[in-house]
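Values below: every heavy atom of this structure, side chains too, minus hydrogens, waters and symmetry copies.
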Number of protein chains: 2
Amino acid sequence: MTTVLIVDDEPQILRALQINLHAHGYTVVPAANGTTALAAAQTHAIDVVVLDLGLPDMDGLDVISGLRGWSEVPIIVLSARHGSHDKVEALDAGADDYVTKPFGLDELLARLRAAARRGGSQASQPLVTTPEFTVDLANKQVSRHGEAVRLTPTEWNVLELLVRNPGRLVSQAQILSEVWGPAYAKETHYLRVYMAQLRRKLEVDPANPVHLLTEAGMGYRFAL
Amino acid sequence: MTTVLIVDDEPQILRALQINLHAHGYTVVPAANGTTALAAAQTHAIDVVVLDLGLPDMDGLDVISGLRGWSEVPIIVLSARHGSHDKVEALDAGADDYVTKPFGLDELLARLRAAARRGGSQASQPLVTTPEFTVDLANKQVSRHGEAVRLTPTEWNVLELLVRNPGRLVSQAQILSEVWGPAYAKETHYLRVYMAQLRRKLEVDPANPVHLLTEAGMGYRFAL
DNA sequence: AAAACGCGTCAAGAACGTGTCAAGAAACCA
DNA sequence: TGGTTTCTTGACACGTTCTTGACGCGTTTT
């Protein structure tokens, strides 16, 4: 999941970008001025910044240098000015890209992808950790005390579904239909067998699970 | 000293850029077509690539993906086309920036500085080494105990895909569709044959692989 | 209090996936 | 064109995973 910080003083543009980027799978953190932008960049794990230079409280260039003071997050500058001088200044201040308005959404999305790709190396990994074991969603790997744990495909599918909904109750029917297919929604026996196997591989005391919990008659829950 | 590879089929533009960039302290490597560009990128230590998409011998996009196959060097695309679709394609192919002609020299210089700033830090070698063998992504060569290992094209493609995702589980379907094409996504037998060949050539004990691992029912994983 | 139900556990056969060898077909190169 | 390399395909043994049934235990319902 990529998190984008959008800085723009025009509420309608902010809203429009927010909606569109969210629709394309990005997590969006909005900011209407430079001060909140800099604050948000410190409190959130930002992967890319989209920055409109025309801000009410401070010069956009100062926002760039403010960010560059401590972060190497990719910055895409939006601006209505076509002047070459403005581009030079923004890029030299530390921006990574410069897009002039009006721009097509697909172009912005492409530049976002390019920027996120670059910064991607440092971005947060889809890792879920508990005191006992770690689930690496991207690499499909589970480790316990540093050692890799072998899971069968079905075991993995069940675990992944639960881990992707941490703390949430997942009904048996939902697990069964997502892992085995809708036709198997009532084969609750499968679940018992596989939950037992997962617990045997992951829990310290399989008979008294701490993370893979049963809610009798309802479903299962993954607790951190 | 920053070295820039300039790819443009128009001799006068090539000359003009060469002179101007040199005047600004850059070392310039010129190339008039895609083939020489890709060759030059391997023989010279390039810091930034400036690429005109309109080339006589091959599609500019193929030049981008050709470079991206082994290098993360920043690529700035020059193009006469303003169409948003072209920008999206170039950026998604792996370009870092897109400048439409006509452009001011100072803007190009600023984008060059921004690109060089980014690329400067990494200087990652396209070499992957394990205690047993070494994979040279750039030169498409594998050596074992200092001796070159002969791989067939398909063997190489499979190995490359795995090595580019170290530690990550790559599904059989993904390998098959990337190497043989989407239509072959279910021809898992191919994979078994080729994994066996790779292991025979690279593993100490092919029957007990250490680096080219099988995750039954899920896919394969390259471990360092 | 007994029965019914849901859950966890174990074990075994069936079904499926994998490794290996080998040979014919196709592609490539000189 | 001939010779070589590479790809595709088949057969079989082996290992893993899935499915299924049986049983014990605890909780809830009758």
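dT8(D) atom P lies 12 Å from atom NE2 of H189(B), rounded to whole Å.
Residue T152(A) places at least one side-chain N or O under 4.0 Å from the OP1 or OP2 atom of dC18(D). Contact check, T154(B) against dT6(D): no side-chain N or O comes under 4.0 Å of OP1 or OP2. Taking 4.0 angstrom as the limit, R192(A) places none of its side-chain polar atoms (N or O) nearer than this to OP1 or OP2 of dT9(C). The phosphate of dT6(D) has neither OP1 nor OP2 within less than 4.0 Å of any side-chain N or O from Q197(B). Contact check, T214(B) against dG19(C): a side-chain N or O comes under 4.0 Å of OP1 or OP2. Side-chain nitrogen and oxygen atoms of Q172(A) include at least one within less than 4.0 Å of the OP1 or OP2 phosphate oxygen of dC7(C). OP1 or OP2 of dT20(C) has not a single side-chain nitrogen or oxygen of Y194(B) nearer than 4.0 Å. Within the 4.0 Å cut-off from OP1 or OP2 of dC7(D), not a single side-chain nitrogen or oxygen of Y190(B) is found. Applying the 4.0 Å criterion to OP1 and OP2 of dT19(D), one finds that W180(A) has a side-chain N or O inside that range.
As judged by a 4.0 angstrom heavy-atom cut-off over every strand, Y184(B) is placed among residues making no nucleic acid contact.
When each of L21(B), V50(B), D47(B) is paired with Y26(B), the side chain to side chain contact (heavy atoms under 4.5 Å, CB included) condition holds for L21(B) and for no other. Checking I6(A), L5(A), L17(A) one by one against V28(A), the side chain to side chain contact (heavy atoms under 4.5 Å, CB included) holds for a single residue, I6(A).
Taking the charged nitrogens against the carboxylate oxygens, R199(A) and D205(A) have no contact shorter than 4.0 Å, which rules out a salt bridge.
To the nearest 0.5 Å, atom CG of residue L198(A) and atom CG of residue L162(A) are 8.0 Å apart.
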